[in-house]
Amino acid sequence: MDEIRQSTEKTMVVASGRAHPQLAQEIVDELGTELLPMSAYDFANGEIYVRSAESVRGKDVFLLQSHPAPLNNWLMEQLLMIDSMKRASAKRITVVSPFYPYSRQDKKGRGREPISARLVADLYKAAGADRIMSVDLHTDQIQGFFDGPVDHLFGIPLLADYIRDQVAGEEVTVVSPDTGRVRVAERWADRLGGVPLAFVHKTRDLTQPNKAESKQVVGEIEGKTCVLIDDMIDTGGTIAGAVSILKDAGAKSVIIAATHAILSPPATEKLSNCGAREVVVTNTLPIPPEKRFEQLTVLSIAPILARAIKEVFTDGSVTTLFDGSA
């Protein structure tokens, strides 16, 4: 009697949207593979068309998309790609969104507001995603919005190890731009060798987007090299204001470190003129030449994403990449 046998060998493919092709190429170079050939274009009315040029039936698909402006276009393209992979019988679809869209809208600050970060998770699920991978979520609670595994990766090892080499021999204080990021600042302080902490007290008008006013610094920073940390820099107003507060309080120098460089205008102008010694970011979002300036240093997140993708594909442990924290 002839038997029908099924091969248990797994196959991985990495596909990418059009938002950040450079990062996608860096990731597949790290993995030693190639990007899945995709056809993607826009119709005259703005509708998006996507199609894989090769079969993904039974394959483990990792679908990468960054979300710079116009964010909604790139999110829609990603959702359509997920749907296309699901309908093409992919075995498992992992959404790789280094910068999670709408992450700042993770709760209701006032009545009648949406919880947009939760809606994005629901959209991913409805489109057919089985798993989400992202870097430095705005808040940890976003992991609970998706009904499935979420790999929360951290940019701190990459950023902190680079800065540690830059400030060797200096007296360093890690500064949080507000009270909400003190726990993240503690991880930074540990990574930099147990240095002290400070934070900037600020107020924010909930009715005005991208507007916050830095007030005063709490902690000993006089004569110190301050490492001012945040998860993202959008228009740069908050972080530039914090630099001024630190300098006025006697900081020797200020290095800004952030994972997501959104850099909406006038961020480039503000950051280049705020007096910071260096601004260190990662390439979770594309940073075109017109957004770059002399003090900016861009580190590649590709090795971290590639290692996490490999661990997920081989059923390994993503947590071990971050000392048990992910």
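Annotation: the span from I156 atom CD1 to D231 atom CG amounts to 10.5 Å, rounded to 0.5 Å. A distance of 13.0 Å separates CD in E220 from CG in L197, rounded to the nearest 0.5 Å. Rounding to the nearest 0.5 angstrom, the gap separating the CG atom in L158 from the OG1 atom in T282 is 7.0 Å. Distance check, rounded to the nearest 0.5 Å: CD1 of I287 to CG of L285 gives 7.5 Å. The CG atom of L75 sits 6.5 Å away from the CG atom of L123 when rounded to the nearest 0.5 Å. Rounded to the nearest 0.5 angstrom, T284 OG1 and L23 CG are separated by 8.0 Å.
The two atoms that bring V50 and I48 nearest to each other are CG1-CG2, 4.1 Å, heavy atoms only. When every heavy atom of V28 is checked against every heavy atom of Q25, the shortest pair comes out as CG2-O, 3.2 Å. Looking at every heavy atom in both residues, A117 comes nearest to D106 through CB-CA, 4.0 Å. Listed here is the closest heavy atom pair of S272 and Q295: O-NE2, 2.9 Å. Across all non-hydrogen atoms, the minimal contact from V61 to A90 is CG2-CB, 3.7 Å. The shortest heavy-atom contact between C226 and I221 is SG-CB, 3.7 Å.
No path of Ile, Leu, Val, Met, Phe, Trp and Tyr side chains, each step under 4.5 Å between heavy atoms, connects M232 with Y162, placing them in separate hydrophobic clusters. Criterion: ILVMFWY side-chain heavy atoms under 4.5 Å apart, direct or through other members. Under it, V95 and V14 are not part of a common hydrophobic cluster. The hydrophobic clustering, which links ILVMFWY residues whose side-chain heavy atoms are closer than 4.5 Å, places F322 and F313 together. Taking hydrophobic clusters as Ile, Leu, Val, Met, Phe, Trp and Tyr residues chained together by side-chain heavy-atom distances below 4.5 Å, V56 does not share a cluster with M133. Two different hydrophobic clusters hold Y102 and V96 under the rule that ILVMFWY side chains link at heavy-atom gaps under 4.5 Å.
Side-chain contact between I233 and I262: absent, with no pair of heavy atoms (C-beta onward) separated by less than 4.5 Å. Residues R131 and V312 meet the side-chain proximity criterion, which asks for heavy atoms closer than 4.5 Å. The side-chain heavy atoms of F62 and V13, taken from C-beta on, include no pair separated by under 4.5 Å. Residues V200 and Q216 form no side-chain contact, since every pair of their non-hydrogen atoms from C-beta on lies 4.5 Å or further apart. Two residues are said to be in side-chain contact when any heavy atoms from C-beta on lie closer than 4.5 Å; I229 and V175 fail this criterion. Looking at R277 and T225, their side chains come closer than 4.5 Å, going by heavy atoms from C-beta outward. Proximity of K91 to K59: side-chain heavy atoms (C-beta onward) are nowhere separated by under 4.5 Å. When side chains are defined from C-beta on, Y100 counts as touching Y124, because their heavy atoms get closer than 4.5 Å.
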Item checked: Worked check of side-chain contact (heavy atoms from CB on, under 4.5 Å) between L296 and L271 -> CA-CA 9 Å; L296 185 69; L271 293 172; over 6 Å; no

Next item on the list: Check step by step if side-chain hydrogen bond (donor to acceptor under 3.5 Å, both in side chains) holds for Q78 and S97.
Entry: CA-CA 9 Å; Q78 187 179 28; S97 294; 3.1 Å; yes

Notebook entry, point to check: Can you list the steps and then say if H138 with Q105 is a side-chain hydrogen bond (donor to acceptor under 3.5 Å, both in side chains)?
Noted result: CA-CA 9 Å; H138 190 58; Q105 299 183 49; over 6 Å; no

Next item on the list: Step by step, work out the salt bridge (Lys or Arg N to Asp or Glu O under 4.0 Å) result for D147 and K125.
Entry: CA-CA 8 Å; D147 187 16; K125 192 69 176 180; 5.2 Å; no

Notebook entry, point to check: Under the salt bridge (Lys or Arg N to Asp or Glu O under 4.0 Å) criterion, do D234 and R104 qualify, and how do the steps go?
Noted result: CA-CA 11 Å; D234 193 352; R104 281 174 287 191; 2.9 Å; yes

Margin query: For a salt bridge (Lys or Arg N to Asp or Glu O under 4.0 Å) check, start with the C-alpha distance between K10 and D315, then their side-chain angles and the critical distance, and finish with the verdict.
Written below: CA-CA 11 Å; K10 295 199 297 181; D315 297 321; 3.3 Å; yes

Item checked: Residues N73, E77; criterion side-chain hydrogen bond (donor to acceptor under 3.5 Å, both in side chains); working and verdict -> CA-CA 6 Å; N73 286 36; E77 180 179 271; over 6 Å; no

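Within a 6.0 Å sphere centred on CD of Q141, heavy atoms belonging to other residues, nucleotides or ligands number more than 12. Atom CE of M76 is surrounded by 12 or fewer heavy atoms from other residues, nucleotides or ligands within 6.0 Å. With a 6.0 Å radius and a threshold of 12 heavy atoms from other residues, nucleotides or ligands, E290 has its CD atom above the threshold. Residue-environment remark: CD (E170) exceeds the threshold of 12 foreign heavy atoms within 6.0 Å.
A centroid separation of less than 6.0 Å is found between the aromatic rings of H260 and F99.
Taking a cutoff of 4.0 Å between a charged side-chain nitrogen and a carboxylate oxygen, K86 and D130 do not qualify as a salt bridge. Using a 4.0 Å cut-off between charged side-chain N and carboxylate O, R110 and E113 make a salt bridge.
The aromatic rings of Y41 and Y49 sit parallel to each other, their planes meeting at less than 30°, with 60° as the upper class boundary.
Figure legend: cation-pi geometry between R181 and F199 absent, as NZ or CZ is not positioned both under 6.0 Å from the six-membered ring centre and within 45° of its axis.
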N/O donor-acceptor pairs under 3.5 Å from side chains in residues 297-309, not counting sequence neighbours:
from	atom 1	to	atom 2	distance (Å)
T297	OG1	E278	OE2	2.6
S300	OG	E26	OE1	2.5
S300	OG	A302	N	3.2

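Among residue pairs with one or both ends in residues 247-259, none qualify as salt bridge (charged side-chain N to carboxylate O under 4.0 Å, His left out); sequence neighbours excluded.
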